[in-house]
Amino acid sequence: MFQSVDDVVARLAGERYICSRDLATVVYLACAMRKPILVEGPAGVGKTELGKVIARALKLDLIRLQCYEGLDEAKALYEWEYAKQLLYTQVLKDKIGEVLEGAKGLREAVERIAQEDDVFFSDRFLLPRPLLRALLAPEAIVLLIDEIDKSDTEFEAFLLEILSDFQVSVPELGTLKAKHVPLVVLTSNNSREMSDALKRRCLHLYIDFPDVAREMEIIRLKVPDADQKLAAEVVELLHRLRKLDLKKRPSISESLDWVKALTLLNVKTLDDGLVTETLSTIMKYEADVRKAQDELKEYLAVRKAKSGQPAAASDKDLLN
Amino acid sequence: MLYRILEFSDLLRRNGLRVSVPENMDAASALELVGVGDRGAFKSALRAALVKQASDAKTFDELFDLFFLGLGGKAREMDEELMRQLGMTPAEFQAMLDALEKFLENLDGEISALTRALLTGDMGEVERLLREAAEAARGENMGMRVLMFAQGIGDRIGIEGIRAEIENLKTLLGRGGAPPELIEKMAQYAEQRMRNLMQLVRDLARRETDQKDPARSERERPDYLSQKSFIYFTEDDIRKMNEVVVRLARRFKNRLSLRRKHARRGRLDVSATFRKNLQYGGVPFRIKLDRRKKEKPEVVVLCDISDSVLNASRFMLQFVYSVQDLYSKVRSFVFVSDIGEVTKLFEEHEIHQAVEKALRGDVIDVYSHSNFGRAFELFYRHHWTAITPKTTVLVIGDGRNNYNRANDWVLKEIRSKAKQLVWLNPESRMTWGYGDSEMPRYAQHCSVVEECRNILQLYRLIDRIAA
């Protein structure tokens, strides 16, 4: 487990995840207090990544449950293997006949079968799904419940028992309690409001777009061969774009993609034509592209005025 | 410390945040872990434990500064300001403070604690003394105004006395035999400090009165808008509603598709299993599980955009826009007396532009008088194919027909063909049926009729429509 807030920062950085102290504090607290973390924030700021990175940093196994509309207990917790049960019944027909041998009347036969009841509803026929696997894991694990906001309210309510007591009731088997309390990370895109009951059980963490310095740091880490000046320009431009009223604002993953693409094209500085060509990497909607273009022109004009000379031609031209 | 936390969460509650007892306990145990030494960690810990909604974070930040930082942050700013004014580097500044302190020590006894703390830059002590004074001043007169309160604190600390002391010091400094340049600087410094003190007193008074005023941030609370009637919405309000609207639309979608979720895959379909396994002599080798067909909800929206419900329809159109954004099968119509389809318009433009275009009369004439009957009839004649047995039809309007023909037979037709017909009326239920309102006549054909005057009602309603 983590020793201190600084330890969290250092070990996450060791897994190539740059985080603020704010985030690190919450992670540290969650580990120490054995509380789930509910991570919210815009898409693409590294919410899911956080769960994975924590697992790697702590050298624990990760069990991931992706939520979606209609996800139910059978898929999240456990299922009885009907097929296997039926198959066993068929194969063991003779044995069952033995058990029933000499039984007088139907009543007694049922009675005898009932005594063997628990053979059919035992761990053998239980097909554990992510949640049950997390609870039954022989050692501590990280449980990542991704996009909890996509699930239904019924499922959310069902999660409450697991999140607060780390136990779950299977009617046929009784209550199963976690051997080790898992570290739970829930992520949400806030497409719907989570219930107060769920929120109360979690520590809340809001990850926003990073500031310029941190985003630069992230790019430096993830795309080490990117040109620093180019990265700085990209980040500055993206920060401007994020202020616009867009359908989908470009996030960190987009800026990484863009820098990667530009680096591949061997570009050293942004210019008008180039940006327009590659804008599709960061903008996902036609309306957004149009808006971004206006902002772009302004940005390039300002830059030109600032440098007092026409924007330098990119290396791409030299290559041709 | 625990007491401070409880006080703080009480302050949060008074500002509209929901903080429960277990959350307070979390906050306390979190603070045990991170300690109080690291201000950043302290704040993050409190926020993680107490604030569970991103939109509340701003309120939290403000209140946190107000409550815990006290005047510390302000005092640091003042130090920097002073350094700049005097044109000194931090090192020089510190040297001067040291010199001053030594000088004050030699004076011993002749100077008040507050003046000493003030001049040596010990802002923590200054704040403590000011708070004492504030506490005493409050005792005298509850619920007073900021200015009076500031005056009260000033009296308590004897601000006139301090002023005199500082004047006195300036002359004493002259006799100390220090280089005249330094003396000049010190005098300037003392002068500034005096001003700072006044500033701090006013600040403290304002903060204290702010904290005690529960209605302070009433307008910033998210649920403030949710209970406000659409009719009183300002344009600004409506723009702010963007996020709420999107969430509403999502909820609407969730609700409509709930039906298919209830019938989920995974149960053993006994009869199908038997049928399938007849070939194995009835031994169930192959299991057949239930699998229902997915039903994609279809929505047709008819929105009244006449003047009488302009504000409500502005909001409703935003809602409709968001609904359309989420579904593939939504057709949106607006009407006054004519009826026009805006599905395409909504697809092509961003939300505010689209809504404005629809309201401005790009699609239909918006300056005519409402005529529901005519609009319905036109809908029946030109757009009837939009209605299928899977369609949920949503009519938004006040049903004020200007005494024209009601043509409620169209609704009857819709009701018999569509899955359901929902009418949302932005008028109070009390007024339905009075004047030119045709609501009772229309209502009899609808599966759900609801008054929908604010977001809260819309919220509840969405639960009902498809549940």
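Predicted model, so just to flag it, every value in this text is computed and none were measured.
- Take B/R18 and apply the side chain to side chain donor-acceptor pair (under 3.5 Å) test, not counting sequence neighbours, and it matches A/D196.
- Close approach to chain B, defined as a heavy atom under 4.5 Å from one of its heavy atoms, is seen in A/A83, A/L86, A/L87, A/Q90 of residues 83-96 of chain A, taken by number.
- Cation-pi contact between A/R242 and A/F209: present, with separation from the ring centre below 6.0 Å and deviation from the ring axis of at most 45°.
- Taking chain A as the reference chain and counting heavy-atom pairs below 4.5 Å, the highest number among B/S20, B/P22, B/S44 is found for B/S44.
- Tested against B/D26, the residues A/R201, A/K35, A/K199, A/R200 include a single salt bridge (Lys or Arg N to Asp or Glu O under 4.0 Å) partner, A/K35.
- Contact of A/Y28 with chain B is made through the side chain alone, with heavy-atom distances under 4.5 Å.
- The aromatic rings of B/F64 and B/F42 are tilted relative to each other, their planes meeting at an angle between 30° and 60°.
- The pair A/K150-A/E69 fails the salt-bridge criterion, with no side-chain N (NZ, NE, NH1 or NH2) lying under 4.0 Å from an Asp/Glu carboxylate O.
- The aromatic rings of A/W80 and A/Y78 stand perpendicular to each other, their planes meeting at an angle above 60°, with 30° marking the opposite boundary.
- Proximity of the aromatic rings of A/F155 and A/Y68 is defined here by a centroid distance below 6.0 angstrom, and this criterion is not met.
- For the options B/E32, B/K43, B/K52, heavy-atom pairs under 4.5 Å to chain A are most numerous at B/K52.
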